[in-house]
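What's counted below: heavy atoms across the whole structure, side chains too, no hydrogens, waters or symmetry copies.
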Amino acid sequence: MVKAARPTRADYYRALADSLPPQALVVTSLGNASYLWAALHHAPENFYLEDAMGLALPLALGLAIAQPKRPVIVVEGDGALLMHMGALVTVGAVNPANLTVLLIQNGVHAASGGQALTNAGLDLAQLARASGIARADNIATPEALAAKLQGSTTRDSAECLVLATEPDLDVVRPPAVLEPVSTKLRFMTAIGAPRYIPTLFGGGRLEST
């Protein structure tokens with residue numbers, strides 16, 4: 001019996017783009033997680049993380065707390081999650097209802113060359129539930145992802161969806177250079193955040209509105 005191939009990251013991303021809630025903010029982790037999302041759905045409301053493996057989830061959690069009226073969706077990899085497991089536990093402790101965690105489970109560290117994870121078969125949905133995120137499920141198709149996203153408008157806690165995904169080691173070319181400072185300033189404008197103005201010898205202030 002031939003085992004069916006898992007969906008690709010692009011398959012899931014197309015479902016995400018078609019099911020994106022109004023005013024949603026999307027945080028994507030490094031590598032193809034950001035490059036492919038930018039290629040499919042480049043927008044000021046996207047925060048593309050660069051060179052900070054495992055930190056997309058903590059950033060998205062803070063964003064969900066600071067922007068409680070806007071849906072926040074974060075795309076994190078299984079390898080990155082294993083590097084910063086405490087972030088999942090913290091999400092379970094805070095449980096913001098506007099946060100959706102999409103975990104790409106491809107069994108490898110794709111951004112650094114495709115090295116296999118030490119425990120690629122770990123049930124990440126069960127791990128999320130043990131961390132306090134009751135709404136956690138394994139997802140096997142883009143259609144199932146779309147159905148979950150469309151049914152997430154009235155929930156009262158965070159949600160974690162683990163996406164069974166084929167590894168994508170070929171680097172995707174984004175539509176524009178994802179320069180971190182430009183990404184930050186564009187995103188701050190999109191959410192109406194005042195700019196931080198640093199001063200000489202430390203300190204600083206927020207820009208007056």
Side-chain angles (χ1 to χ4, degrees), residues 9 12-13 15-30 33-34 37 41 43-50 52-105 122-139 144-163 165 180 183-196 206:
R9 190 192 306 265
Y12 286 118
Y13 271 9
L16 174 60
D18 290 341
S19 307
L20 206 60
Q23 292 192 305
L25 305 173
V26 181
V27 179
T28 50
S29 57
L30 74 168
S34 286
W37 183 242
H41 193 85
E45 293 80 11
N46 296 339
F47 193 98
Y48 309 112
L49 214 65
E50 284 287 296
M53 191 172 184
L55 297 183
L57 186 50
L59 190 152
L61 174 58
L63 186 61
I65 295 169
Q67 298 279 324
K69 295 183 179 180
R70 301 188 71 164
V72 177
I73 297 171
V74 55
V75 182
E76 186 64 282
D78 47 2
L81 177 69
L82 295 180
M83 291 181 66
H84 292 277
M85 196 79 76
L88 194 66
V89 176
T90 307
V91 170
V94 180
N95 242 330
N98 60 328
L99 178 62
T100 300
V101 181
L102 303 182
L103 291 178
I104 299 293
Q105 188 166 29
L122 188 65
D123 188 336
L124 298 179
Q126 184 177 349
L127 182 65
R129 288 191 290 271
S131 300
I133 306 172
R135 300 176 62 98
D137 292 289
N138 289 301
I139 300 295
L145 172 61
K148 281 287 187 181
L149 292 172
Q150 292 162 9
S152 296
T153 55
T154 58
R155 67 175 195 238
D156 58 0
S157 61
E159 185 167 43
C160 180
L161 304 176
V162 182
L163 313 181
T165 311
T183 294
K184 180 189 76 170
L185 295 178
R186 181 174 60 244
F187 188 80
M188 289 172 65
T189 299
I191 65 175
R195 295 191 180 188
Y196 176 78
L206 294 178

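- Panel note: side chain S29, backbone V75; a donor-acceptor pair is recorded below 3.5 Å.
- With N98 contributing its side chain and V72 its backbone, the two residues share no donor-acceptor pair below 3.5 Å.
- With rounding to the nearest 0.5 angstrom, the CZ atom of R9 is 5.0 Å from the CD1 atom of I104.
- Contact annotation: the side chain of C160 approaches that of L103 to within less than 4.5 Å [non-hydrogen atoms, C-beta and beyond].
- Although no hydrogens or angles enter the test, the distance criterion places a donor-acceptor pair under 3.5 Å between the side chain of N95 and the main chain of A158.
- The heavy-atom pair separating G92 from I133 by the smallest distance is CA-CG1, 3.7 Å.
- Formation of a donor-acceptor pair under 3.5 Å by the S131 side chain with backbone atoms of L127 is found in this model.
- Side-chain atoms of N46 come within 3.5 Å of backbone N or O of H41 as a donor-acceptor pair.
- With values rounded to the nearest 0.5 angstrom, R135 atom CZ is found 6.5 Å from K148 atom NZ.
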Side-chain atoms of residues 78-87: list all donor-acceptor pairs with protein atoms under 3.5 Å, sequence neighbours left out, distances to 0.1 Å.
residue, atom, partner, partner atom, Å
D78, OD2, N106, N, 3.1
D78, OD2, G107, N, 2.8
H84, NE2, M53, O, 3.3

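- A146 and A15 get closest at one heavy-atom pair: CB-CB, 4.4 Å.
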Task: Stepwise side chain to side chain contact (heavy atoms under 4.5 Å, CB included) check, L30 with L49 - done: CA-CA 5 Å; L30 74 168; L49 214 65; 5.5 Å; no

TODO: Begin from the C-alpha positions of L63 and V74 and carry the test side chain to side chain contact (heavy atoms under 4.5 Å, CB included) through to its verdict.
DONE: CA-CA 10 Å; L63 186 61; V74 55; over 6 Å; no

TODO: Take R195 and T189, measure what side chain to side chain contact (heavy atoms under 4.5 Å, CB included) needs, and give me the verdict at the end.
DONE: CA-CA 9 Å; R195 295 191 180 188; T189 299; 4.3 Å; yes

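- The heavy-atom pair separating A128 from L88 by the smallest distance is CA-CD2, 3.8 Å.
- Counted by atom type alone, T100 and E159 present zero donor-acceptor pairs between their side chains at under 3.5 Å.
- Side-chain atoms of Y13 come within 3.5 Å of backbone N or O of A33 as a donor-acceptor pair.
- The closest donor-acceptor contact from the side chain of R70 to the backbone of Q23 lies under 3.5 Å.
- Here the closest heavy-atom approach between residue T183 and residue Y48 is recorded as CG2-N, 3.6 Å.
- Y12 meets the ring-ring contact (aromatic ring centres under 6.0 Å, His included) test with no other residue; sequence neighbours excluded.
- Among all heavy-atom pairs drawn from Q105 and V162, the shortest one is OE1-CG1, 3.2 Å.
- Heavy-atom minimum distance, G54 versus P58: O-CD, 3.5 Å.
- Note that CG of L124 is 12.0 Å distant from CG of L161, once rounded to the nearest 0.5 Å.
- Applying the 6.0 Å contact sphere to CD of E50 captures more than 12 heavy atoms from other residues, nucleotides or ligands.
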- [ ] Apply side chain to side chain contact (heavy atoms under 4.5 Å, CB included) to L145 and L102, showing your working.
- [x] CA-CA 9 Å; L145 172 61; L102 303 182; 3.9 Å; yes

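- Inter-residue side-chain proximity for L20 and I73 is flagged as met; some heavy-atom pair is nearer than 4.5 Å.
- Looking at S157, its side chain never comes within 3.5 Å of a backbone N or O of A97 through a donor-acceptor pair.
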